[in-house]
J.: 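Mind looking over this structure? Questions follow.
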Amino acid sequence: MTIKSSFLTRFAATGAIFALLSATAHAQTEWVLPSAYPQTNYHVENLNQFAADVDKATNGELKITVHPNASLFKAPDIKRAVQTGQAQAGEVLLSLHENENPVFGIDVIPFLATSFEQSKKLWDASKETVAAALDEQGVKLLYATPWPPQGIYAKKEINSAADLKGLKWRAYNVGTSRIAEIVGAQPVTVQAAELPQALATGVVEALMTSSATGVDSKIWESLTHYYDTQAWLPKNVIFVNKGAFEALDPAMQKAVEEAAAAAETRGWALAEEKTKGYMAALTENGMTVAPPSDQLKSDMDAVGATLTEAWLEKAGDDGKAIIDAYKKM
Ligand code: PCA
């Protein structure tokens, strides 16, 4: 009798522990979120805040771990990793995937949207189409935030497109590669995480990117001039594998969506506010920062016109409809 009851007690206790363990395992969901940009960059700062907001709103039931600086996946591989569920969520530069769908390149059409305000309008006009295109690929859009306006860096004075001829030109997407071809520079694709090394070893002599990436990569250690052409504001999009999102209970889904909406608002404000400091840092570190000369401006306008025409041809009526809607805003 004694033996039997002690056996039963132990049996019940073990069952209780198992139940408890599986309840805990069930209650906490863990997502990894790879990003290709450095820890100190405001995109990552914003991602960390997003993860903290989700943690709080779900009482720690959904833990998102941000892996910055391409430490988990290289920039061009993040989207596929999320599509295939190797990562539950991720952040990518949308235009890296322009080859999959022209709408992913709408924010890198030169001189279409050149300020934060215009860029936000273009996002409002294109968001639904971008979200639908991502949805078809098995990922759910959470939010998008911009990079500062794109200018030209070099290690000599650049007064016209002809001055870019022959330079080793760093590209980060299809559009920046095309620009190199048009101006007769030598394109080499390098993602942001490898940019400091490419600059230090002389693999890169000129490029177009933002003041933010200039500061992130201490660009003044290799290059001397920055021309503030304000050509376009590319965006990062943050998304989640659809299956991973659908596996959350409705309250958690709502928490993620609300934190994402807050991150989008915060990210746009953060980008604009930080840009002033980034521009100042370039000057403070000894770079010559200037607006483009009239010749460089008109040369870049011509490059922009070529790229715009090519994009419209690829994107067809859907693309034109977005641009028409944007222009009316
Ligand atoms: N920085 C990123 C993308 C655009 C930008 O401003 C980069 O240079 O890779």
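Whatever order the structure lists them in is the order used to number ligands and atoms, beginning at 1.
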J.: Nearest protein heavy atom to atom 5 (C) of ligand 1, by residue and atom, and its distance?
T.: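 Minimum-distance protein heavy atom for atom 5 (C) of ligand 1 reads T209 OG1, 3.1 Å.
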J.: Does ligand 1 have a heavy atom under 4.0 Å from the side chain of M208, from its backbone, from both, or from neither?
T.: neither
J.: Give the residue and atom name of whichever protein heavy atom lies nearest to atom 9 (O) of ligand 1, and the separation in Å to one decimal.
T.: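 The answer is R170 NH2, 2.8 Å.
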J.: Evaluate the side-chain proximity of Q39 to N69: yes if any heavy-atom separation is below 4.5 Å, no if none is.
T.: no
J.: Compute the centroid of each ring, for F239 and then for Y143, and state whether the two points are separated by less than 6.0 Å.
T.: no
J.: Do you know which of V303, I182, I179, V183 makes side chain to side chain contact (heavy atoms under 4.5 Å, CB included) with L164?
T.: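 Of all the options given, the one that passes is V183.
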J.: For atom 6 (O) of ligand 1, what's the nearest protein heavy atom and its distance?
T.: S210 OG, 2.6 Å
J.: Check whether NZ of the Lys or CZ of the Arg K140 lies under 6.0 Å from the centre of the six-membered ring of F245 and within 45 degrees of that ring's axis.
T.: yes
J.: May I ask you to test the Y37-D216 pair for a side-chain heavy-atom distance under 4.5 Å?
T.: no
J.: So for P234, does at least one of its heavy atoms come nearer than 4.0 angstrom to any atom of ligand 1?
T.: yes
J.: Using non-hydrogen atoms of the residue, decide whether E194 is closer than 4.0 angstrom to ligand 1.
T.: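 The answer is no, since E194 has no heavy atom less than 4.0 Å from ligand 1.
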J.: For residues 304-311, tabulate all N or O donor-acceptor pairs below 3.5 Å that involve a side-chain atom, not counting sequence neighbours.
T.:
unit_1, atom_1, unit_2, atom_2, d
T306, OG1, A302, O, 3.1
T308, OG1, G304, O, 2.7
W311, NE1, P102, O, 2.8

J.: Return yes if some donor-acceptor pair links the side-chain N/O of K156 with the main-chain N/O of D163 below 3.5 Å, else return no.
T.: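 Indeed, once roles are kept as given, a pair shorter than 3.5 Å links the two residues.
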J.: At a 4.0 Å cut-off, with the gap strictly under it, does some heavy atom of Q150 reach an atom of ligand 1?
T.: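 Heavy atoms of Q150 do come under 4.0 Å of ligand 1.
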J.: Should you measure from each heavy atom of A192, which atoms of ligand 1 turn up under 4.0 Å away?
T.: 9 (O)
J.: Could you find the nearest protein heavy atom to atom 1 (N) of ligand 1 and give me its residue, atom name and distance?
T.: T213 OG1, 2.6 Å
